[in-house]
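Computed from heavy atoms alone, side chains included, the values below leave out hydrogens, waters and symmetry copies. Proteins get letters first, then strands, A, B, ... in listed order; numbering begins at 1 in each.
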2 protein chains.
Amino acid sequence: MLTSQRKRLILDRLARDGQVVAKQLSHELALSEDTIRRDLRELAAEGLLLRVHGGAMPVSPTAVPIAERRSLSRDAKSALGKAGAAMIRDGMTVVFDGGTSNLEIIRHLPAQARFTAITHSPTIAVALEDRPDVDVVIIGGKLFRHSMVATGALAAEAIARIRADLFFLGVTGVHAGEGLTTGDMEEAAIKRQLMSASAETAVLATSDKLGAVSPFRIGGIGEISTLIVEGEAAEERIAAFAGSGVSILRAG
Amino acid sequence: MLTSQRKRLILDRLARDGQVVAKQLSHELALSEDTIRRDLRELAAEGLLLRVHGGAMPVSPTAVPIAERRSLSRDAKSALGKAGAAMIRDGMTVVFDGGTSNLEIIRHLPAQARFTAITHSPTIAVALEDRPDVDVVIIGGKLFRHSMVATGALAAEAIARIRADLFFLGVTGVHAGEGLTTGDMEEAAIKRQLMSASAETAVLATSDKLGAVSPFRIGGIGEISTLIVEGEAAEERIAAFAGSGVSILRAG
DNA sequence: TTATTTCGTGCAGATTCGTGCAATATCTGG
DNA sequence: CCAGATATTGCACGAATCTGCACGAAATAA
């Protein structure tokens, strides 16, 4: 990443968020704090920002209320996304199912994340637009309108040729007895195929999905490797999945 | 590769990506970094770009280059989009190239439009989300980041199997002698393939593209059936295309 | 107060830059 | 066709820039 580009990013971030934190930024850009601090110093010397202990503030007061952003980042789905993003290591090949939960993973990827993303959801693909170090492979096919993912024979054919390390599966129900379920038969079939094409499968489950059942079964709980639930998820709802072989991760 | 052609490519890349890295570019073009740096120096001397350590940035501080392109010349593009949408009849199979012009076609589709859309651009696919009567087929492949379209062998393979009535081709240059050109070789190949898979091809050309030439040729003007230009496009720029067999449509 | 975090400076290694020079290709005029 | 002029390209080498680490000082938190 070019130095000038980094400085511009800092100013952008400052205008958008109303603040920047040196430590956080250094982690996000995979650079030392020294470099970030140096940038802040130089930008401050140009009068483009105001240095404060720990980071920087805009020269002119921002309109963005900071409290709003904080509450946003503490949102349950956001925490799930963060936990999901943490599972991705550089060099991996990761398959993303459609859905808002998986979209949240993309949002929490560190800027320097470097891996291969495979998806049959154009929405996910578009979200990955500004991740320069992520290779994106789209699985083509007929777009299933309701959930905006490619399905059908074309998609199945493309999936048959891939082999991934990790698959983030999207479901509408996670139930101890009925397993993982979704609302469409064709989608369920594609999801099954994606599972078998990946070494591991993870599911991000908001609390409303725990114990829920939808019409079409994808597979049993034991067939996935990781289930990520909200940090505040009721203990008794999770207890039902103990013994199924899945490792349960509490987010946030 | 000619020097002037290389310089054009650098400017294209700069406009598209918002940055250029000397080392990366030298590797991509199989030239020494010295040559690239020399180009950058000369272009900077002409005021066409801003040199920075490691590469170059655009002269105008475009925070998000692609977002800028989206807001650029909105009215003219809107009229072009309307004219393009008018070419689509119910029951047709239409291929959409990536790019903001083609996105504008989607925006101007009548709500009840009923046809099959094929695209290798996830952005286009997402835009078609709320058109319930349009069947959408996505062409998969490796996402070419700069223009957000699927490319590579996977895409080529999928394209080989389709047959469409109409193809909306996106270009960066329309020139009487040099023909239709774009900024990337791989993209040019995919575009050629999409042309031959379609009975007709139409190009939406904003005035800034008329007479412009980019490094990689897609084909001659005569190979497309319709060229849609702005209503206020200068007559002399269009006159150059007369006799090439293309029918010229003035929008707005 | 004490402990922790953040800041500033100096320094070393790596990368990039600019200039001069030589080799090759292209152009021009005879 | 040839000879010289011009342009283009790659390489060498010293200068400038960038980055990360170390260490002590300053600021913040407990």
Using whole Å, report how far [atom1] of [X] lies from [atom2] of [N].
{"X": "A:Leu31", "N": "D:dC21", "atom1": "CG", "atom2": "P", "value": "11 Å"}
{"X": "B:Ile36", "N": "D:dC11", "atom1": "CD1", "atom2": "C1'", "value": "16 Å"}
{"X": "B:Arg38", "N": "D:dT8", "atom1": "CZ", "atom2": "P", "value": "10 Å"}
{"X": "A:Arg6", "N": "D:dT17", "atom1": "CZ", "atom2": "P", "value": "15 Å"}
{"X": "B:Asp39", "N": "D:dG10", "atom1": "CG", "atom2": "P", "value": "10 Å"}

So if I apply the salt bridge (Lys or Arg N to Asp or Glu O under 4.0 Å) rule between B:Glu42 and each of B:Arg6, B:Arg37, B:Lys7, which one comes out positive? B:Lys7
Once rounded to the nearest 0.5 Å, what's the spacing between atom CD of B:Glu187 and atom CG of B:Asp97? 7.0 Å
Rounded to the nearest 0.5 Å, what's the gap from OG on B:Ser196 to NZ on B:Lys191? Could you check? 14.0 Å
Verify, without hydrogens or angle tests, whether [X] (side chain) and [Y] (backbone) share a donor-acceptor contact under 3.5 angstrom.
{"X": "A:Thr119", "Y": "A:Ala125", "answer": "no"}
{"X": "A:Asp165", "Y": "A:Thr93", "answer": "yes"}
{"X": "B:Thr181", "Y": "B:Ser214", "answer": "yes"}

Heavy-atom contacts, protein to nucleotides 2-8 of chain C, under 4.0 Å, summarised as B (base), S (sugar-phosphate only) or - (none) per nt, yield ----SBS
Are OP1 or OP2 of D:dT19 and a side-chain N or O of A:Thr35 less than 4.0 angstrom apart? no
Between A:Thr3 and C:dT16, does any side-chain N or O lie under 4.0 Å from OP1 or OP2? no
